[in-house]
Amino acid sequence: MAIKYGRPIELREVARREGTAVPHALDLTVRPRRNRKAEWARRMVRENVLTTDDLIWPLFLIDGTNKREQVASMPGIDRLSVDQAVREAERAMKLTIPCLALFPYTDPSLRDEEGSEATNPNNLVCQAVRAIKKEFPEIGILCDVALDPFTSHGHDGLISDGKILNDETVAVLVRQALVQAEAGCDIIAPSDMMDGRVAAIREGLDRAGLLDVQIMAYAAKYASAFYGPFRDAIGSAKTLTGDKRTYQMDSANTDEALREVELDIAEGADMVMVKPGMPYLDVVRRVKDTFAMPTFAYQVSGEYAMIAAAANNGWLDGERAMMESLLAFKRAGADGVLSYFAPKAAEKLRSQG
Ligand SMILES: NCc1[nH]cc(CCC(=O)O)c1CC(=O)O
Ligand SMILES: [Mg+2]
């Protein structure tokens with residue numbers, strides 16, 4: 001019996017009875033709306049759910065104490081001094097958000113051509129990791145590995161003659177990953193898109209005895225306009241010279257995403273990520289179906305900004321758009337989402353019980 005969309009095709013030919021008790025009723029055997037008639041019925045047939053376990057909460061850090069500084073292009077998002085980040089970690093714990101992701105705004109005086117602050121064991125990120133882990137050892141911490149918050153030119157790697165150097169950059173990234181892991185970071189997340197960095201970082205971690213530190217590879221990361229507000233948040237928007245198209249992926253490609261993911265898995269990634277999120281849900285689905293790996297999506301700054309700005313203008317219901325957008329990642333096969341909406345969404349999920 002041929003089955004298509006859950007119902008044997010033969011059954012569609014079944015003869016209909018003559019008329020119904022209801023005048024003008026259409027002669028329909030199948031009425032999909034029956035399963036949507038009430039909230040209890042919709043809950044019963046629901047295929048995907050979002051829970052607080054699906055959320056990773058990105059935080060922006062800034063030097064100082066007791067400081068919160070609004071990110072202009074991300075309404076509702078602040079850069080936080082370390083003590084404030086610890087307070088947000090406490091909030092995450094209470095909201096049962098499993099993991100935080102940390103991104104520093106590096107003081108311009110500390111930025112240089114080589115991004116040397118990235119490998120300073122006492123840099124802002126490492127300070128925050130230690131402070132959060134000291135108070136809340138049970139929360140997961142993810143650290144981004146890439147040089148862009150630390151370079152004067154805003155690129156993720158070292159430059160020579162206008163070219164981003166791959167292998168030389170990888171050597172620095174290994175050292176960056178090591179200082180973060182030694183500070184207590186649980187998940188190293190290389191976002192730089194250099195070739196071979198996952199293998200090099202895994203080897204570096206293993207040699208240092210950091211066998212349990214996980215790697216979440218930004219495996220399929222596209223050159224995207226949706227990172228704009230993030231670059232504003234970490235202060236690289238103004239300094240970035242050119243674009244990142246020689247290392248981040250071309251948004252026209254999906255087969256290439258599979259090849260990138262395959263390499264990162266072979267090199268030792270424990271989890272893989274697709275980024276940006278919403279415009280790339282097809283990539284999330286292909287990656288999940290092909291590799292059956294823990295697969296994450298990053299709902300990036302521009303996606304957050306679009307929803308937040310439209311909501312602030314009264315153009316859409318911000319809360320509903322937030323929940324719908326997050327559920328879409330689950331539907332596409334993601335195991336979790338990095339999202340600036342994480343605390344708001346978690347609050348909403350918990351209030352629904
Ligand atoms: N390599 C750094 C990095 N890590 C995460 C993001 C973007 C996150 C966001 O937009 O929210 C970026 C920006 C970039 O690649 O230019
Ligand atoms: Mg790669």
Side-chain angles (χ1 to χ4, degrees), residues 58-63 69-75 77-79 101-120 123-125 143-173 175-177 180 189-195 197 217-253 260 273-277 279-280 298-306 308-309 338 340:
L59 296 178
F60 295 115
L61 304 167
I62 191 157
D63 239 343
E69 211 178 77
Q70 250 254 260
V71 179
S73 53
M74 299 180 74
I77 304 296
D78 295 334
R79 300 183 192 94
L102 304 179
F103 298 94
Y105 173 93
T106 307
D107 193 273
S109 68
L110 296 173
R111 297 182 198 222
D112 59 24
E113 278 274 308
E114 290 82 37
S116 42
E117 180 65 6
T119 57
N120 172 2
N123 68 21
L124 188 53
V125 171
C143 290
D144 204 80
V145 171
L147 300 184
D148 56 326
F150 310 98
T151 49
S152 46
H153 44 72
H155 278 288
D156 294 23
L158 304 174
I159 303 191
S160 177
D161 295 331
K163 279 201 176 135
I164 309 299
L165 305 173
N166 193 87
D167 302 15
E168 293 82 349
T169 298
V170 169
V172 182
L173 298 175
R175 291 197 284 130
Q176 181 184 15
Q180 292 172 343
S191 75
D192 53 284
M193 288 300 278
M194 297 302 119
D195 297 330
R197 88 283 206 213
Y218 287 73
K221 176 171 176 177
Y222 289 86
S224 173
F226 291 98
Y227 307 150
F230 173 96
R231 293 176 189 168
D232 173 19
I234 68 158
S236 68
K238 284 196 204 86
T239 50
L240 182 64
T241 45
D243 58 54
K244 302 192 177 182
R245 284 184 288 181
T246 67
Y247 46 109
Q248 298 179 347
M249 282 177 55
D250 186 325
S251 57
N253 299 346
E260 280 281 8
M273 194 205 296
V274 173
K275 177 187 175 196
Y280 296 84
Y298 200 142
Q299 182 177 49
V300 298
S301 56
E303 301 174 60
Y304 173 89
M306 285 194 298
L338 290 91
Y340 302 96

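Computation of the quantities below employed the complete heavy-atom set of this structure, encompassing side-chain atoms and omitting hydrogens, waters and symmetry-equivalent molecules.
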| task | Any chance you could lay out the side chain to side chain contact (heavy atoms under 4.5 Å, CB included) test for Lys275 and Leu338, step after step, and finish with the verdict? | result | CA-CA 10 Å; Lys275 177 187 175 196; Leu338 290 91; over 6 Å; no
For ring-ring contact (aromatic ring centres under 6.0 Å, His included), just list the numbers for Phe60 and Tyr340, CA-CA rounded to whole Å, side-chain angles, deciding distance to a tenth of an Å, and then say yes or no.
CA-CA 10 Å; Phe60 295 115; Tyr340 302 96; 5.6 Å; yes
### Message
For Arg197 and Thr169: C-alpha separation, side-chain torsions, deciding distance, then whether side chain to side chain contact (heavy atoms under 4.5 Å, CB included) applies.
### Response
CA-CA 9 Å; Arg197 88 283 206 213; Thr169 298; over 6 Å; no
Determine, step by step, whether Ile62 and Asp107 satisfy the side chain to side chain contact (heavy atoms under 4.5 Å, CB included) criterion, reporting the C-alpha distance in whole Å, the side-chain angles of both residues, the deciding distance to 0.1 Å, and the verdict.
-> CA-CA 8 Å; Ile62 191 157; Asp107 193 273; over 6 Å; no
message = Gln176 vs Cys143, test: side chain to side chain contact (heavy atoms under 4.5 Å, CB included). Steps then yes/no.
response = CA-CA 10 Å; Gln176 181 184 15; Cys143 290; over 6 Å; no
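Cation-pi geometry between Lys221 and Tyr298 is not met at under 6.0 angstrom from the ring centre and within 45 degrees of the axis.
Using modelled atom types, no side-chain atom of Arg79 and backbone atom of Val71 make a donor-acceptor pair closer than 3.5 Å. With hydrogens and angles disregarded, a donor-acceptor distance shorter than 3.5 Å links the side chain of Asn166 to the backbone of Asp195. Arg111 places a side-chain N or O within donor-acceptor distance of the main-chain N or O of Thr106, the cut-off being under 3.5 Å. Looking only at distances, a side-chain donor or acceptor of Glu303 sits under 3.5 Å from a matching main-chain atom of Val300. Without hydrogens or angle criteria, Ser236 side chain to Pro149 main chain gives no donor-acceptor distance under 3.5 Å.
When all heavy atoms of Asp232 and Ser73 are compared, the closest pair comes out as OD2-OG, 2.5 Å. Of all the heavy atoms in Gly115 and Leu147, the pair that sits closest is O-CD2, 4.5 Å. Across all their heavy atoms, Ala305 and Pro229 have their closest contact at CB-CG, 4.0 Å. The minimum heavy-atom distance between Gly157 and Thr151, with the atom names listed, is O-CG2, 4.4 Å. Nearest heavy-atom pair across Pro276 and Tyr222 is CD-CB, 4.1 Å. Looking at every heavy atom in both residues, Gly228 comes nearest to Ser301 through N-OG, 4.3 Å.
Residue Leu61 holds its CG atom at 11.5 Å from CD1 of Ile234, rounded to the nearest 0.5 Å. Expressed to the nearest 0.5 Å, how far CZ of Phe150 lies from CG of Asn120 amounts to 9.0 Å. Of the inter-residue distances, the one linking Tyr227 atom OH with Asp148 atom CG reads 11.0 Å to the nearest 0.5 angstrom. The OG atom of Ser116 sits 9.0 Å away from atom CZ of Arg175, with the distance rounded to the nearest 0.5 Å.
Gln180 places a side-chain heavy atom less than 4.5 Å from the side chain of Val125. Within the 4.5 Å cutoff, the side chain of Met194 has heavy atoms near those of the Ile164 side chain. Within the 4.5 Å cutoff, the side chain of Thr241 has heavy atoms near those of the His155 side chain. Within the 4.5 Å cutoff, no side-chain heavy atoms of Tyr280 are placed close to those of Met249. With a 4.5 Å cut-off on side-chain heavy atoms, Asp78 and Gln70 count as touching. Side-chain contact between His153 and Leu240 is absent, with no heavy-atom pair separated by less than 4.5 Å. Leu158 places a side-chain heavy atom less than 4.5 Å from the side chain of Glu114. Phe226 is listed as a side-chain neighbour of Pro279, based on a closest heavy-atom distance under 4.5 Å.
Every residue was checked against the side-chain hydrogen bond (donor to acceptor under 3.5 Å, both in side chains) condition with Tyr105, not counting sequence neighbours, and none meets it. Not counting sequence neighbours, Tyr218 has no partner by the ring pair (Phe, Tyr, Trp, His ring centres under 6.0 Å) test.
Within the structure, salt bridge (charged side-chain N to carboxylate O under 4.0 Å, His left out) contacts touching residues 156-173 (residues at least two apart or in different chains) are Asp156-Lys244.
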